[in-house]
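Here is the structure we will look at.
Here is how names work: the chains are called A, B, and so on, in the same order as the sequence lines, proteins then strands, and each is numbered from 1. Just so it is clear, the model here is predicted, and its values are computed rather than measured.
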2 protein chains.
Amino acid sequence: MAATILVVEDEPAIQELISYSLRQAKHTVFSTKNAEEAMKIINEALPDLVLLDWMLPGMSGADFARMLRRAARTKDIPIIMLTARADESDKVSGLESGADDYVTKPFSPRELLARIKAVLRRRAPEAADDVVEIGGLRLDSATHRVTANEIEVVLGPTEFRLLHYLMTHSERVHSRSQLLDQVWGDHVFVEDRTVDVHIRRLRKALENVDKDGLVQTVRGSGYRLSAGQAVSAG
Amino acid sequence: MAATILVVEDEPAIQELISYSLRQAKHTVFSTKNAEEAMKIINEALPDLVLLDWMLPGMSGADFARMLRRAARTKDIPIIMLTARADESDKVSGLESGADDYVTKPFSPRELLARIKAVLRRRAPEAADDVVEIGGLRLDSATHRVTANEIEVVLGPTEFRLLHYLMTHSERVHSRSQLLDQVWGDHVFVEDRTVDVHIRRLRKALENVDKDGLVQTVRGSGYRLSAGQAVSAG
DNA sequence: AAACAGTATTGCGGTTTTGTGACATTTGCA
DNA sequence: TGCAAATGTCACAAAACCGCAATACTGTTT
């Protein structure tokens, strides 16, 4: 959800407003007043999206958009054009130049954010309908369901993600820290012990379909999901 | 089968005839005399199809079609061109400009409707199905009716579209944003939470026929319509 | 066997996400 | 013009979740 956005807008006031609200929404913002500088920034690192003013000193926004569209490296970056209300033909040429959407000034920060969200979502590859199946347990991310023998296992969001990760990386041992990074997200400050709790919740839910044995503890290392059962001698 | 159609035609008589027969066929119609106005309408919300007169005052139909094809947001809208006579070169250029089909004047409303149906079907293979039935709930988009066990369920327009979408894309989880895009429209700006309210209204209506369990909440992800029950062991 | 270190369980307070009913507007029509 | 249906937002209640920490276990090491 949080993305890196390049804002190309010469009016300081609008520039300020946009940057502020984008940052407020957890996005990372780079901003410039003209196309030339924007180009430099893009050369450094590709943003996830470009907010481009239609009227710019020097190279116009439309021309800049077209340029981005022509270069292989930048042609897939979503572009949202900022146009002045008045003339409709601007919108037309704006979109023709390759923009994914446009927002007419004046606009509310809220609207801008909604548009950004929509464009980013549209660009994101349709979540592949991936279905994983291991040891008689089946997880379908499209329908967001986990079943075993036709019986559904009800899981909370975190347990679902955790199981998803374990299933797509089965047979391997994952330390608690690794799980926190992969399942909770990078740089999240949560106790290692919390993983235990979620593993516990996951196992409990799997007990209902007799599949709790799939989640195994590897003492001193972490956890592992494995179809091969852990046999305790004894 | 009911669709939203934008008619761009400058001759009042023909305009009238077309609008009348389209509405008769349950389509929603927007109409204008020229490309410029048409652009404004499209900026508001995308129609499912555009009926475009080849000859238009100002920007020509062909140019307008090309323009639509170039813009990312509109390039997938089906276009049917209305040409003055069976002039081969017109047809050719018409199709070249990006039209999906063409109809030569004079034409019968019947022929026009057939072409429209064909084009829409080609574009949306799955939406062509007029009747959907899931979990004992039956929705007929032709008669705009929803029934369960012979009993009719009364729904408002939005709830109807929402249910229709969910039924034609059942089992899958849809986020609120996705639902807004699909059910409300491409360029509308409303709160995510609004979806909740309509889901609520939909469920309430379905309660009358004991089918409200079909609409399920997937916490953290969105909603899903499913015939399968969530069986959670205690 | 006692001391340890690593795990399993549970209960709980605090949050976040949903469900709901009420309300202000807008829209279509009578 | 006035009414009724349809809609988008709110504010508050209800649920579902989370992460933590205290406590109970388990397997190892000395």
> Is there side-chain contact between Thr4(A) and Phe30(A), with heavy atoms separated by less than 4.5 Å?
Replying inline: yes

>> Using side-chain heavy atoms (C-beta onward) and a distance below 4.5 Å, is Ile5(B) in contact with Pro47(B)?
In response: no

> Of Leu155(B) and His198(A), whose closest DNA chain D nucleotide lies nearer the 5' terminus?
Replying inline: Leu155(B)

> Which comes earlier along DNA chain D counting from the 5' end, the contact point of Glu159(B) or that of Thr194(A), where each point is its nearest nucleotide?
Replying inline: Glu159(B)

>> Taking ring pair (Phe, Tyr, Trp, His ring centres under 6.0 Å) as the cut-off, I'd like each qualifying pair that reaches into residues 137-158 of chain A, sequence neighbours left out, listed once.
In response: His144(A)-Phe160(A)

Pair [X] + [Y], salt bridge at N-O below 4.0 Å:
| X | Y | value |
| --- | --- | --- |
| Lys204(A) | Asp212(A) | no |
| Asp192(B) | Lys117(A) | yes |
| Glu152(A) | Arg145(A) | yes |

> Of the options His164(B), His198(B), Arg201(B), which is the one that meets Glu159(B) in a side chain to side chain donor-acceptor pair (under 3.5 Å)?
Replying inline: His198(B)

> Separation of Leu202(B) atom CG from dA6(D) atom P, in whole Å?
Replying inline: 14 Å

> Using a cut-off of 4.0 Å between protein heavy atoms and nucleotide atoms, how would you tag nucleotides 2-12 of chain C 5' to 3' with B, S and -?
Replying inline: ---BBBSSB--

> Got a sec? Which of residues 177-192 of chain A come in under 4.0 Å of DNA chain D, heavy atoms?
Replying inline: Trp184(A), Val190(A), Glu191(A)

>> Set out, in order, the CA-CA distance, both residues' side-chain angles and the distance that settles salt bridge (Lys or Arg N to Asp or Glu O under 4.0 Å) for Glu207(A) and Arg203(A), then state yes or no.
In response: CA-CA 6 Å; Glu207(A) 274 176 15; Arg203(A) 280 175 174 156; over 6 Å; no

